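Remember, it's a predicted structure, so these values are computed and weren't measured experimentally. Keep in mind that the numbers below use all heavy atoms, side chains included, and drop hydrogens, waters and symmetry copies.
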Amino acid sequence: MEHLSRELQYVSDLFGEAKNRGLMFLESQKDEGSNNIIHYKGKRLTNFITNSYLALENDPRVKKAAIEGIEKYGVFSSVSRTYLSFDHYLELEAKLEKIYGLPTFLVNNVSLGHFAYLPLIIGPNDAIITDQFVHKSVNIAVQYLKGGGIYSEVLRHNQMGDLEKRIKILSESYSKVWYLTDGVFSMQGDVAPFADLEVLLNAYDKFHLYIDDAHGMSWIGENGKGYCFHKLPRHEKMYVISSLNKGFGATNAAMVFPNQKAKDLVHKLGLPVIFSSPTMHAGITAASALADIHLSEEIYERQAMLNERIKFFKQQVRELEIPLISPNSHTPIGFIVLGSVEAMAQFGEKMQDRGFIMSIASFPSVPLKHSGFRVSISLHQSMKDIENLLNNTVESIAELEKSGVFNREIVFRNLKQTERKRELI
C-alpha cells in the first residue's frame, strides 16, 4: 500500500513470500492431547516452534481446572477489575506472590501490560533507554510515551559500558533514567547481564530498570520465578513483567512490583486494567493449578529435564559446527543463522520436507544478514527428536552449500564480527 514506509513494505513483501513458500501463516492441525506433532498439507512435523518450554498446557490437572473454571464462572464476566475482582483472581495473585516473593497483579497479556505499567512508573521528566533487541511490544509502548513528549533512545545490544555513559549524561537533565530490556531475548536466546545491571542500579540513584521476562518464566529459578529473579531476586528500582502463556503454560501475564504502592497505582490507574476486555475464567483457574505445580517439587524435576535437553542441544550445535547466535547461552532458545533470505527460505523448505517446523525470522526481528530460524527447545521433544533435528540440519546445510546458496564461512565470519563489535563498543 502507498502509505507504507519502505521498511514496512519490505517486511510485508518478505512475509508474503514466506507465506507462499509455506513457512509462515500456516493453516495446520495438531494432534489431540499433544503439542509435539503438527500436521500441515499432509506432512507430519515435529514441533520446534512452541514456546511452552515445560509442556504443561496439556497436563490433565490443568485441563481439569480450566473446565471447572468455565463450569463455575462461565466463559468470562464482562466487568473491569477496577470494579470487581473475583475470588479466583485474588487466589491466583496470592500464589504468584508466593512464587515471586513480591506484589503481583494480573493483566490479560504482556503487550497490554506494558501500557498499564510504563505510563504510570515513567514520569514526564524521565528518559528512556531501550536495548536494541528489546521485544517489539515494549517498543510499541515506548512509541506511545514518545508521543507524550518523553525522551527515548536506543542502546546497542547489552552494551553496559555505553549504558553507564548515557546514565551519567542523562542524569544531568532528567529525573530518572530508565533502561528497558528483556530478561531472555526472544529471538537470539541470549540474556541480559544482570550482575552488571545490579551494579548500575546501586551506583546511580536515578537509574531504574524495566524487564520483560516473558521467555524467562518457569524453566529456571526457585518455584520457576524466571530468569530475571533467578539472577536478581529483588531491587527497589527494578520493575518486571512476565508471561504466563509461555513456559508457565496458561494465559495472562504477571506484573511484578518492587512494592505494594506501585501495584496499587497500576490497579487504580492502569488504562488497560480499566478499559480492556476481561480475562477468560478458564485461563485463571488453569493458571492457578499451574501455580500449585510451580510451588511444588515437581517444577524442579521439569526444569532438570529441560536443562538436559538444552545442554545436549547447545553441545551438539558446537560439535556439528551449526551456526547459532549465542551458542553458549543456556536458554531454551536457539537461533540457526542461514545468512541470506533465500538460504533461509530453502533451508525451511528442506526441513519441512524432512519433518520439522521452526520459527522463521529475518529483518526486523534480527539483522538481515542473520536471517534464519528460531528453535524452541521444550519438554514436548525427546532427546531423540533434538538429535534428529540437528542431524537433518547438518544435511540440509550441506545441500545448500553444495548448491552455492549457503556459505558457512561467511556466516560464521559475520557472527564473529558482530560479537567482536559488541566487545569493542
For [Y], is there any backbone N or O sitting under 3.5 Å from a side-chain donor or acceptor partner on [X]?
X    : Y    : result
S243 : N245 : yes
T104 : L102 : yes
S378 : A55  : no
D131 : F133 : yes
D182 : H135 : yes
D213 : C228 : yes
S80  : V273 : yes
K176 : F207 : no
H157 : L155 : no
T285 : A282 : yes

Checklist entry - Do Y151 and N125 get their side chains close enough for a donor-acceptor pair, meaning under 3.5 Å? => result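 Their side chains do not contain a donor-acceptor pair, so the 3.5 Å distance test is not met.
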Does the ring center of [X] lie less than 6.0 Å from the ring center of [Y]?
X    : Y    : result
F86  : H281 : yes
Y239 : F257 : no
F248 : H294 : yes
F229 : Y100 : yes
F48  : F373 : no
Y53  : H380 : no
Y179 : H208 : no

Is the closest side-chain heavy-atom distance between [X] and [Y] below 4.5 Å?
X    : Y    : value
S288 : K95  : yes
I129 : L163 : yes
R309 : D385 : no

Between the side chains of [Y] and [X], is the shortest nitrogen-to-carboxylate-oxygen separation below 4.0 Å, so that they form an ion pair?
X    : Y    : result
D126 : K206 : no
R61  : E68  : no
E297 : R302 : no
E153 : K146 : no

Item to check | ring-ring contact (aromatic ring centres under 6.0 Å, His included) partner of H267, the single match among Y83, Y117, F105 | outcome: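 With H267 as partner, ring-ring contact (aromatic ring centres under 6.0 Å, His included) holds for just one option, F105.
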Out of curiosity, [X] [atom1] to [Y] [atom2], how far, rounded to the nearest 0.5 Å?
X    : Y    : atom1 : atom2 : result
T50  : I377 : OG1   : CD1   : 11.5 Å
L389 : I357 : CG    : CD1   : 12.0 Å
I325 : I333 : CD1   : CD1   : 11.5 Å
E164 : Q159 : CD    : CD    : 13.0 Å
Q143 : I150 : CD    : CD1   : 12.0 Å
R156 : D162 : CZ    : CG    : 9.0 Å

May I ask you to check whether over 12 heavy atoms, not counting those of [X], lie within 6.0 Å of atom [atom1]?
X    : atom1 : value
E236 : CD    : yes
K231 : NZ    : no
Y300 : OH    : yes

Checklist entry - Given H114 and Y210, is the ring pair (Phe, Tyr, Trp, His ring centres under 6.0 Å) satisfied, shown in steps? => result CA-CA 10 Å; H114 296 319; Y210 181 81; 5.8 Å; yes
Item to check | Chi angles and distances behind the side chain to side chain contact (heavy atoms under 4.5 Å, CB included) call for L180, I128 | outcome: CA-CA 7 Å; L180 279 53; I128 297 171; 4.0 Å; yes
Checklist entry - Please walk me through it: do K263 and E97 pass salt bridge (Lys or Arg N to Asp or Glu O under 4.0 Å)? => result CA-CA 12 Å; K263 173 182 174 177; E97 290 186 348; 2.9 Å; yes
